[in-house]
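Here the structure comes first, spelled out in C-alpha cells, and everything after it is commentary.
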Protein chains: 2
Amino acid sequence: MGLREKKAQRSRDRIVTEALTLFGKNGYEQTTMESIAEAAELSPSTLYRYFPSKDLIVLQRFTDYSEQFARVFAEYSLRHPVDEALAEAIFAVLEVEDSRSAETLLVRSIIDEAPIARARLWDYLAEQQRQLGKLIAQRMRAKESDLRVKLTAQLAIMIAGLAADQWRADAGKRPSRATAENLMRLFQDREVIFPRPAAKSARPRQTPNNR
Amino acid sequence: MGLREKKAQRSRDRIVTEALTLFGKNGYEQTTMESIAEAAELSPSTLYRYFPSKDLIVLQRFTDYSEQFARVFAEYSLRHPVDEALAEAIFAVLEVEDSRSAETLLVRSIIDEAPIARARLWDYLAEQQRQLGKLIAQRMRAKESDLRVKLTAQLAIMIAGLAADQWRADAGKRPSRATAENLMRLFQDREVIFPRPAAKSARPRQTPNNR
DNA sequence: TTGATTTTGATAGTAACTGTCAATTGACAT
DNA sequence: ATGTCAATTGACAGTTACTATCAAAATCAA
C-alpha cells in the first residue's frame, strides 16, 4: 500500500473520530462541517471529498461493521445451510458492535437525536438488505425477486437490529448474542404472532398464536 | 369548521399536488421550494410554515394512507384476534394505495430517485412501527418493550411494504391484497427460512428449510 | 531530479432552512 | 357595519450544507 492510500485512510479515520467527539459534545445539528474540518486539520473542500455529506460520517461505523455481515455469510454459507449461515453472520456483526461498546453507544445516541442521520441509516440498511437478498437468492437457487428471499433477508436484518436495540437499552450490559438467539427461538417455537387473514369457513378455527 | 381551517386545508392540499407535479416533471432535486411556493401561489415563508422540510411534502401522502392502518387495527382488534386485525389493517391500507394508483406510482417514483425523501420514509415507517407496537402491546397484555411485540409490529409493516413493492413492480396490474395474502401464507406454511443457530449436539439435524 | 498525475485548498455560488417583525386577514362582540 | 383582538402571511436577513472550478502542492514513476 502506497503512502497516498495510507494518508487517505488516516484522514478518513481522523475525520470520523473527531466528528463523533464533536457530535457527542455539541450535538449533531450544532456541529458544522467547517468545525469538523478544523478539528481534523484539513480544509472543508477536502472534508467534502472524503464525505460528500455530513450524515455519511456518522454512518461510516455502520458500514465498517456490516461489511462483516456479508463476508461471514458468504463464507459460512458455502458449507452450511442458509439459516445457520444467517445466524452466524448476525452473531458476528453483533460481536463487533459489542466489542466496541463505547463507540457504538456514542454513535447510537447521536443517531437518535439526528433525524437526518437516522433516516439515512434506515436507507443504508435497506440497501444492505438488497445485497443480502442477492447472496441468499444464489444460495437458495431462487430469483432475487422471490418473495421468500426478500422476507428472509429482511428478517435477518430485523433480528440483528432488534438485538442491537435491546443491547443499547440495557446500556451494553447483556451480550446481544443472547438476545438474537432468543429472537430466533421465538420464531422457531412459533411464539410470534404473524398477520393472518380470517378463515373464510364458518367453523371457528384454532388460534394458537393469540389468546 | 371555520373559514380559516378550510383555507389551510386547501393550501396544504394544493402545495402537495403542485409539488408532486413539479417533482414528476423536473425531478426532486431540481425543484426548488421557491418554485413550489410560486406554483401553489403563496410565499416561501408560508410554504415553510405548512411544510418545515421539502421531504415532508412527499411523505404527506403516506401519512394520509397509513392513518387508515392504525385506525382499522384499533377498531377491528376489539372483536377479533390480533393476527386477523393485523391482516385487515394491512389489506385496508393497501386498498387505499391501490385505489389511487396514479398518485401512488408517482410518489413512489419520486421517492426512488430522491435519497433524502426515501430515507425519511423509512424513518417515518419506523415511527409507525412504534405506534403499532403500542396498540399490539395493549391487545396482547404485554409490555411495549416485549420482543414479541416488536417482532409482530415489524412483521406487519414489512408485509405491507413488500406487498406495496410488488404492486409497484408490476405497475399496479395485480391487486396487492393477493400478494399480502401470499406473504402471510408463506409464514403460515413455514416456507420462509428463519435465521437459526447451528444445533450444538453432534448429531446432524433435519433441515426442512434448506436443501 | 524531472515530469506526469493525483490530491488539496481557496473561492464563489446555490438552495434549504431559521428567525424576526410588520402587514394582512379572519373571528367575534357590540 | 365597525372596531378590536388574535392568528396568518409575507418580506427580509442570515446560517449552513453542499457544488463547481481552478490553481497550488504533494506524491509517484522514470
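By convention in this document, chain letters (A, B, ...) are assigned in the order of the sequence lines, proteins followed by strands, and residues within each chain are numbered from 1. Everything numeric here is computed off the predicted structure, so don't read it as measured data.
Ionic pairing of A:Asp123 and A:Arg120 is not present here: no N-O contact between side-chain nitrogen and carboxylate oxygen is shorter than 4.0 angstrom. By the 4.0 Å N-to-carboxylate-O rule, B:Lys150 lies too far from B:Glu144 to be salt-bridged with it. With salt bridges taken as basic N to acidic carboxylate O contacts below 4.0 Å, one links B:Arg177 and B:Glu95.
For B:Leu3 and D:dT8, the CG to C1' distance is 12 Å, given to the nearest whole Å. A:Lys6 places its NZ atom 10 Å from the P atom of D:dC28, with the value rounded to the nearest Å. One interatomic measurement links the two molecules: CD1 of B:Ile15 to P of D:dT8, which rounds to 14 Å at whole-angstrom precision. In this structure, CD1 of B:Ile36 is placed 10 Å from P of C:dC17, rounded to the nearest angstrom. Distance A:Glu29 CD to C:dT18 P: 9 Å, rounded to the nearest Å. In this structure, the CD atom of B:Glu5 is 12 Å from the P atom of D:dT9, given to the nearest Å. To the nearest angstrom, C1' of C:dA16 lies 11 Å from CD of B:Glu34. Rounded to an integer number of Å, the gap from A:Leu42 CG to D:dA25 P is 18 Å.
For the pair A:Arg12 and A:Tyr50, the NZ or CZ position fails the cation-pi test of under 6.0 Å to the six-membered ring centre and within 45 degrees of the ring normal.
Out of D:dT9, C:dG9, D:dA17, the shortest distance to the side chain of A:Met33 is found at D:dA17. Looking at the side chain of B:Tyr48, the nearest of the listed nucleotides D:dA6, D:dG10, C:dA16 is C:dA16. When distances are taken from the side chain of B:Lys7 to each of C:dG9, C:dT5, C:dG26, the shortest belongs to C:dG26.
Distances shown here put a side-chain N or O of B:Ser43 below 4.0 Å from the OP1 or OP2 atom of D:dG10.
Axis angle, first five pairs versus last five pairs of the helix from C:dT1-D:dA30 to C:dT30-D:dA1: 30°, rounded to 10°.
A distance of 5.0 Å separates OG1 of A:Thr63 from OH of A:Tyr124, quoted to the nearest 0.5 Å.
For B:Thr46 and B:Arg4, each mapped to the nucleotide of DNA chain D holding its nearest heavy atom, the one lying further toward the 5' end belongs to B:Arg4.
Residues of residues 49-61 of chain A that place a heavy atom closer than 4.0 Å to DNA chain D, in numerical order, are A:Pro52, A:Ser53, A:Lys54.
In terms of heavy atoms, B:Phe23 sits closest to B:Ile110 at CB-CD1, 3.6 Å. Taking every heavy atom of both residues into account, B:Ser66 and B:Val93 meet most closely at CA-CG2, 4.1 Å.
No hydrogens or angles were tested; on distance alone, a donor-acceptor pair under 3.5 Å links the side chain of B:Ser45 to the base of D:dA11.
Judged by distance alone, the side chains of A:Asn26 and A:Thr31 never bring a donor and an acceptor atom under 3.5 Å apart. Under 3.5 Å, the side chains of B:Gln9 and B:Glu5 contain no donor-acceptor pair of N or O atoms.
Looking at heavy-atom distances under 4.0 Å, B:Ser11 makes no contact with the nucleic acid at all. Using a 4.0 Å heavy-atom criterion, one finds that A:Ser35 contacts no nucleic acid atom at all. Residue contacts for A:Thr32: at a heavy-atom cut-off of 4.0 Å it reaches the sugar-phosphate backbone alone, with no base atom in range.
Side chain of B:Thr32 to backbone of B:Ser35: a donor-acceptor contact under 3.5 angstrom is found.
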